[in-house]
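Everything below concerns the one structure shown next.
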Protein chains: 4
Amino acid sequence: MRKALSQKDRRKMPSQERSRFTVEAILDAAVQVFERHGYAAGTTARIAERAGVSVGSLYQYFPNKDAILVALVDQHLAEVQTLAGVVFARAHAADLTLPQALRVIVAGFVDMHALNPQLHRLLSEEVVLPGEAQEKLARLKQSIVEAVGQLLARYGVAEQGSPGLTAYVLVQVADHLTHQLVLHPPVPLTPQQCVDEILLVVLGYLGQTNPFTPPPASPAPPPKECPPADAAETAAR
Amino acid sequence: MRKALSQKDRRKMPSQERSRFTVEAILDAAVQVFERHGYAAGTTARIAERAGVSVGSLYQYFPNKDAILVALVDQHLAEVQTLAGVVFARAHAADLTLPQALRVIVAGFVDMHALNPQLHRLLSEEVVLPGEAQEKLARLKQSIVEAVGQLLARYGVAEQGSPGLTAYVLVQVADHLTHQLVLHPPVPLTPQQCVDEILLVVLGYLGQTNPFTPPPASPAPPPKECPPADAAETAAR
Amino acid sequence: MRKALSQKDRRKMPSQERSRFTVEAILDAAVQVFERHGYAAGTTARIAERAGVSVGSLYQYFPNKDAILVALVDQHLAEVQTLAGVVFARAHAADLTLPQALRVIVAGFVDMHALNPQLHRLLSEEVVLPGEAQEKLARLKQSIVEAVGQLLARYGVAEQGSPGLTAYVLVQVADHLTHQLVLHPPVPLTPQQCVDEILLVVLGYLGQTNPFTPPPASPAPPPKECPPADAAETAAR
Amino acid sequence: MRKALSQKDRRKMPSQERSRFTVEAILDAAVQVFERHGYAAGTTARIAERAGVSVGSLYQYFPNKDAILVALVDQHLAEVQTLAGVVFARAHAADLTLPQALRVIVAGFVDMHALNPQLHRLLSEEVVLPGEAQEKLARLKQSIVEAVGQLLARYGVAEQGSPGLTAYVLVQVADHLTHQLVLHPPVPLTPQQCVDEILLVVLGYLGQTNPFTPPPASPAPPPKECPPADAAETAAR
DNA sequence: AATGAATGAGCCTTCATTCAT
DNA sequence: GATGAATGAAGGCTCATTCAT
């Protein structure tokens, strides 16, 4: 079904002034169109129209429809990785309690989604996406799970039973709740309230999971190195 | 965009022996095809082929593609409502503690998803579905949220701040976690373990939300340590 | 049964050079295809093929098959109305006898059919056409009947008994005979001969109907013996 | 497009009691369905349904859809020929004037159409019919034209100029007017009035064409005022 | 580079016809 | 003989993609 990009990928990377602008217009339009109609039913014609360019121009910059989605994913990845880097660095500040660290992270998630909620929902919920996009997204999510796992480990939250499960569940819950509360809040919510509510879930879960040990930092045994502040950035690779 | 089924729905619902079988084959096939390709890209030809019938036969029973999805939704609704009825009834047994009641419900959810995980994911995550399907699903979810809300109320879990938010979050979390753990478990999990993990989240959330009051109605707090983990598994029958 | 053109008719009407040509090629092809196979069995693929374009191009200019027919009808209407305007104006010249006036009109009809006999036959005889087309055609015919009725009235041809019947019969006869004599002449006929023959019927009918009064308005009876038989042939330009 | 009846035409001629009834039910249904939807869009399923039989049964008696139409044509032919035989015989009565003879014939036509107006319209106006049907109809019309020609000849109505043209025009006019006045009368009309109006056209035409010689054969002109207007109505039985 | 007309494979749907029951 | 489920070719229409201007 999917056609390989048989011909040499002669599309130019946007270097010119106008080019860059056009590409962004297309990507912005694509987000809206894909969100409104889904990926399969989002037509290139509509994207071009909404972007204010011709289909021909669209194909000047993207070899095919899939490539637009992939570009969207790449853009998303870059944003998330950048933000995640900052957020995890901040969360690793030596003097934070685990709840404080988690608040930093959850707030970061919410900010991320608030940027472009529709895109996030599309990428994480559209049932079928091109293989390439799906793989990249999976890798991203995996890296975040790992980063969270490391954070938990640092605070001595033992992964009882299934290693990796706790972090996975945490990320799933936080991610999905963020989607829902941002896109379909059952009652009006400020971002702040979103964060609070998600934290209730997250902390409750960890409390139930593991009456974790007091703060880390202190003289006591964080024998482990300190993970590089930008933990997630590496992981995101 | 969507065509109303203006004409009398002349498709005969299965009455004969063979018919009923054919209809089921088509619905089963549809679940797989929609799951693999998404709704928009799931072609009727592929559905028919996988069902082992001709397109013509498919259209003998369904006036159009949307109707197949709607039938799937209806089937899903019926199953869920039946199971939910049993589960909530059981959860309202007078002598259960809240954790016990919640375990019953979560176990019910997991059983439900275990029946046809792909269908559940499709219906709850596909970004764009026919309006009719979307509305029915929304009503279903709403009714479940309300039922959970009532259960919580019964146990004195006050909806502090935003009324309805707690139940909504609870259902979102339980539902989504079930999807994920059933479809993409990061580590192998038994249904029993799924239930346990989800309960950790749910109970933790409630614990954080509201150090809820002891048992409800009955004078004697149930001494039982743990309700049978597979409480609802029987109900699922 | 027929689908309303619910969506904004995004098809562009010809603006560019090439477009206009394509649209005309399609319409011309449609006339031939509909004539050869009838409307229902005239496929868009065949129309496109005969027009020398792809189906896609056809649908770039017409939102659906019905719209092609409607365009044909509109084109027909425009032609007929223009020609009818000229013809009736000429027929109302003050110094014409009724036979002379009728000759002008009949000659105009024949000229009209001679332009595109197949289209005329299709539009007036195909048993089932899209509602929109049928209504427009009915209105056209009605307006012609009325114009003829006025002409007759002017010459004092009383509508004995059923008002409107005479003009209706006159138009029916003239119209149908023109079709037949143009498309299936039992013997070879020049347009001139067609007009003559039809006039025989028309004048005979009126003669039988009503030994109509002498000339109308002007006091002095027109001395002219016979108007040039091909009166309207020039007008057809 | 049309499939040859490759297999031996094993369909049985209706011999049994019920068979004959079924065949008629199908043909009656077919008339209605073809009339409402046109031939191409009249489906066999609908015909069968309206006839109160299954598609299977329909195909028991007719090898394909075309055959139904052809049977209709044959039936029509038989009726018309029978009626025409009676009518023309009566019209040849030695003592009738031409107007009287023509009245007999026109009344016969009107009776014929009144029997099954829709069928007549379908057969004479549907633009495209199966070749076989079209040929048979053409032959029928030709034979009627010839019979009328002979009648005219008998009354000394010379075919000036184009031999055969007068009779052809006469039949066209009478036939078409009958359709129109029966199916779409501009004002309410009794069959009697239809006949009168058509006769006005026909007689007028002949009067214009050829101030025909007095009665034919017999020396004594028939003094009879008017033949019974419903002359053929009995014949129609 | 931009434009948008043109292309045609493929999708949803219908319907004449067959055949197992 | 009757039934109606099954079949699949064909039709209307869409849309990703190409290409002449």
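Just so it is clear, the structure is predicted and the values come from calculations on it, not from any experiment.
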> Atom CZ of C:Phe62 to atom C1' of E:dA6: distance rounded to whole Å?
Replying inline: 15 Å

>> With a 4.0 Å cutoff (strictly under), does any side-chain N or O of C:Ser54 reach OP1 or OP2 of E:dT7?
In response: yes

>> Tell me whether C:Glu49 at atom CD has more than 12 heavy atoms from other residues, nucleotides or ligands lying less than 6.0 Å away.
In response: no

>> In this structure, how many angstroms lie between the C1' atom of E:dC11 and the CG atom of B:Asn64, rounded?
In response: 14 Å

> Rounding to a whole Å, what distance do you find between C:Ile26:CD1 and F:dC13:P?
Replying inline: 13 Å

> What's the CG-P distance between C:Leu58 and F:dG11, to the nearest Å?
Replying inline: 14 Å

>> Rounded to whole Å, please give me the gap between CD1 in C:Ile47 and P in E:dT7.
In response: 16 Å

> CD of A:Glu49 versus P of E:dG4: gap in Å, rounded?
Replying inline: 11 Å

>> F:dA5, OP1 or OP2 - any side-chain N/O from B:Gln60 closer than 4.0 Å?
In response: yes

>> I want to check one thing: is the phosphate of F:dT7, taken as OP1 and OP2, less than 4.0 Å away from some side-chain N or O of B:Ser57?
In response: yes

>> Tell me every residue that passes side chain to side chain contact (heavy atoms under 4.5 Å, CB included) with B:Ala25, counting only those two or more places apart in sequence or in another chain.
In response: B:Ala51

>> If the condition is side-chain hydrogen bond (donor to acceptor under 3.5 Å, both in side chains), which residues does C:Asp74 pass it with, not counting sequence neighbours?
In response: C:Lys136

>> Holding to side-chain hydrogen bond (donor to acceptor under 3.5 Å, both in side chains), I want the full list of residues that pass it with D:Ser54, two or more places apart in sequence or in another chain.
In response: D:Ser57

> Which nucleotide sits closest to the side chain of D:Tyr59: F:dC13, E:dT17, F:dA2?
Replying inline: E:dT17

> With a 4.5 Å heavy-atom cut-off, do A:Leu58 and A:Ile68 have their side chains touching?
Replying inline: yes

> Between A:Gly42 and D:Val55, who's closer to the 5' end of DNA chain F by nearest nucleotide?
Replying inline: D:Val55

> Which dot-bracket string fits DNA chain E when only Watson-Crick or G-U wobble pairs with both atom distances under 3.5 Å count, crossing pairs get [ ], and | stands for a partner on a different strand?
Replying inline: .||||||||||||||||||||

>> Could you work out, with side-chain hydrogen bond (donor to acceptor under 3.5 Å, both in side chains) as the rule, every residue matching C:Gln32, not counting sequence neighbours?
In response: C:Arg50

>> Rounded to whole Å, how long is the line connecting atom CG of B:Asp66 with atom C1' of E:dC11?
In response: 14 Å

>> Just by distance, no angles: are the side chains of D:Tyr61 and D:Thr22 close enough, under 3.5 Å, to form a donor-acceptor pair?
In response: no

> When the nearest nucleotide of DNA chain F is assigned to A:Thr44 and to A:Gly56 on a heavy-atom basis, which residue is associated with the more 5' position?
Replying inline: A:Thr44

>> What is the distance, to the nearest angstrom, from the CZ atom on A:Phe21 to the C1' atom on E:dA1?
In response: 16 Å

> If you check the A:Lys65 side chain, which of E:dG4, E:dT17, F:dA16 turns out closest?
Replying inline: F:dA16

>> Any base atoms under 4.0 Å from C:Thr43, or only sugar-phosphate, or nothing? Heavy atoms, all strands.
In response: sugar-phosphate

> Any side-chain N or O of C:Tyr61 less than 4.0 Å from the OP1 or OP2 oxygen of E:dA6?
Replying inline: yes

Would you list the atom pairs, donor with acceptor, under 3.5 Å between side chains in residues 123-134 of chain D and any protein atom, with sequence neighbours excluded?
unit_1: D:Ser124; atom_1: OG; unit_2: D:His120; atom_2: O; d: 2.9
unit_1: D:Ser124; atom_1: OG; unit_2: D:His179; atom_2: NE2; d: 2.6
unit_1: D:Glu125; atom_1: OE1; unit_2: D:Arg121; atom_2: NE; d: 3.3
unit_1: D:Glu126; atom_1: OE1; unit_2: D:Tyr39; atom_2: N; d: 2.8

> Between F:dA2, E:dA2, E:dT3, which nucleotide has the shortest distance from any of its atoms to the side chain of A:Val53?
Replying inline: E:dT3

